[in-house]
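Down below is the structure, laid out as structure tokens.
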Amino acid sequence: MTGKTKIAAKTFLKKGKLFQSIKGMADILPIDQDYWRSFWQTAFKVSSRHGFYFIETPILEPASLFEASIGATTDIVEKQMYVFKTPGGDRVALRPEGTAGVMRSYLQHRLSYFSLPLKVFYLGPMFRHEKPQAGRYRQFHQLGFEIIGDNSAFYDAEIILASLDFFRALGLNDLILKINSLGCRVCRLAFRQELKNYFSAYKKELCPDCRRRLGRNPLRILDCQEPSCRTLKSGSPNILDYLCQNCNNHFKAVLELIEDNGIKYELDPHLVRGLDYYNRTVFEFVSSGLSFSLGGGGRYDYLAEIIGHRLVPAVGISLGLERIVEALKIKNISPIKRKRPLVFFAAISEEAKKKSLGLMEKLRAADIPVVEALGRNSLKSQMKAADKVKSSLVLILGQKEIFEGSIIIKDLRTGAQENILLDKLVEEIKKRLS
Ligand code: AMP
């Protein structure tokens with residue numbers, strides 16, 4: 001801490017204020033740990049079922065990586081990126097999403113040698129300076145699945161199936177897939193012109209941002225949430241009417257595959273997603289009773305070319321984990337519960353406390369979760385702590401027990417209490433917990 005920051009912190013505390021987390025950035029508290037444990041466990045389970053490897057890329061990347069890939073005229077790049085200069089003078093950004101970093105890593109490490117296509121997943125925080133509201137934060141976590149190195153429709157369907165596997169494993173069964181195709185760079189050109197013609201006729205009714213977008217990137221108008229732009233959008237040209245033969249065949253193949261697998265979907269010709277790197281299939285998962293999507297993704301066949309000068313077809317999705325916590329809470333779906341610390345260790349003399357660490361290690365080595373409150377002196381306050389964590393068994397070690405080489409087991413479920421030999425500790429606990 002420098003002298004200046006020390007003074008600033010002191011002045012702050014003098015005013016009687018407590019430091020608060022930054023607006024839009026929330027703490028994940030112990031009370032929600034079962035949700036996050038479920039996400040990690042389920043992500044690994046589903047990924048190994050579908051053959052995805054784990055990848056983690058840095059939170060900081062060159063700002064230009066996102067500007068080039070997500071697109072200079074997108075909201076994320078124009079308004080929401082945390083960009084700053086490092087003390088060394090590099091322009092960096094807190095990652096607003098995971099795909100660009102994963103593709104950077106794929107190209108940098110030539111990951112195609114690993115498997116073809118490469119299937120990877122990641123789970124970590126993303127940062128966007130958005131207006132905080134329900135389901136919209138400035139720091140949020142995404143679980144992403146990416147398949148890199150294959151342009152077949154099979155993999156568009158596989159990304160959708162892996163996501164549904166994750167949702168179902170958490171107990172979310174009522175998801176609806178919204179799906180669209182954005183075509184390739186050839187057929188999108190004609191659509192772009194049609195959009196431009198259509199919205200130009202209503203230029204005055206567009207919001208100032210969309211008036212600007214009209215010239216540079218009219219597709220982004222379809223993504224605008226301003227009421228006036230949303231109304232205009234409903235009468236705009238339909239991209240599916242402009243797909244070239246190849247894009248049409250690809251989209252048809254994806255729809256056939258998901259239909260064959262019994263997936264409910266809705267065609268949404270206005271779905272463009274907020275990132276420019278998408279082409280062909282784009283999709284989003286929504287759920288009844290929720291005002292926000294739980295995940296979204298699509299194909300990004302040109303991304304590698306934009307940032308690495310060679311074409312590598314790819315498809316992926318990212319799921320918003322804070323939103324999934326909210327969905328589970330709203331729908332009253334419980335996450336997988338943690339194994340409770342069933343055994344509480346209480347020690348009532350300094351010597352007993354010293355001995356207790358070794359005994360607890362023995363129990364833990366046998367995979368028995370055990371907790372303690374050894375900073376407390378009286379048995380009464382240690383029993384209170386045992387009650388707080390809802391333990392089933394309390395072990396009590398005092399001077400007499402050390403002398404006899406024994407320990408007391410109190411079963412809080414029945415109130416029964418018994419002395420057992422320390423040599424038999426693990427065996428006896430296992431018997432009582434089984
Ligand atoms: P995107 O990266 O924009 O394609 O979004 C993918 C998913 O990430 C969305 O469907 C949301 O579930 C989640 N997400 C995006 N932005 C936010 C945000 N600001 N706060 C919380 N979750 C978000």
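Each ligand, and each atom within it, is numbered from 1 in the order the structure gives.
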Indicate the atoms forming the closest heavy-atom contact of Arg323 with Gly135, along with that distance.
NE-O, 2.5 Å
With a 3.5 Å distance limit and no angle check, can you tell me whether [X] reaches the backbone of [Y] through a side-chain donor-acceptor pair?
{"X": "Asp268", "Y": "His270", "value": "yes"}
{"X": "Asn180", "Y": "Pro269", "value": "yes"}
{"X": "Lys233", "Y": "Leu222", "value": "yes"}

Taking only heavy atoms of Gly295 into account, list the atoms of ligand 1 that are under 4.0 Å away from them.
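Near Gly295, the atoms of ligand 1 are 10 (O), 12 (O).
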Nearest protein heavy atom to [atom], by residue and atom, and its distance?
{"atom": "atom 19 (N) of ligand 1", "result": "Glu130 OE2, 2.6 Å"}
{"atom": "atom 10 (O) of ligand 1", "result": "Ser293 OG, 2.8 Å"}
{"atom": "atom 20 (N) of ligand 1", "result": "Tyr137 N, 2.9 Å"}
{"atom": "atom 3 (O) of ligand 1", "result": "Arg128 NH1, 2.9 Å"}
{"atom": "atom 21 (C) of ligand 1", "result": "Gly135 O, 3.3 Å"}
{"atom": "atom 8 (O) of ligand 1", "result": "Gln142 NE2, 2.9 Å"}
{"atom": "atom 4 (O) of ligand 1", "result": "Arg273 NH2, 2.1 Å"}
{"atom": "atom 22 (N) of ligand 1", "result": "Arg323 NE, 3.4 Å"}

Just heavy atoms, cut-off under 4.0 Å: does Ile76 contact ligand 1 by side chain, backbone, both, or neither?
neither
Cationic tip of Arg185 within the cone over Tyr302's six-membered ring, i.e. under 6.0 Å and within 45° of the normal?
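Judged by the rule (NZ or CZ under 6.0 Å from the ring centre, within 45° of its axis), Arg185 counts as positioned above Tyr302.
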In this structure, does ligand 1 have an atom that sits under 4.0 Å from one of the heavy atoms of Leu275?
yes
Of the options Glu158, Glu146, His50, which is the one that meets Lys119 in a side-chain hydrogen bond (donor to acceptor under 3.5 Å, both in side chains)?
Glu158
Is Ile22 close to Arg138 at the side-chain level, that is, under 4.5 Å between some pair of heavy atoms?
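They are not in contact (no side-chain heavy atoms under 4.5 Å apart), so the answer is no.
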Salt bridge check, Asp223 against Arg230: does any charged N sit closer than 4.0 Å to a carboxylate O?
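Looking at Asp223 together with Arg230, the answer is no, because their closest N to O distance does not fall below 4.0 Å.
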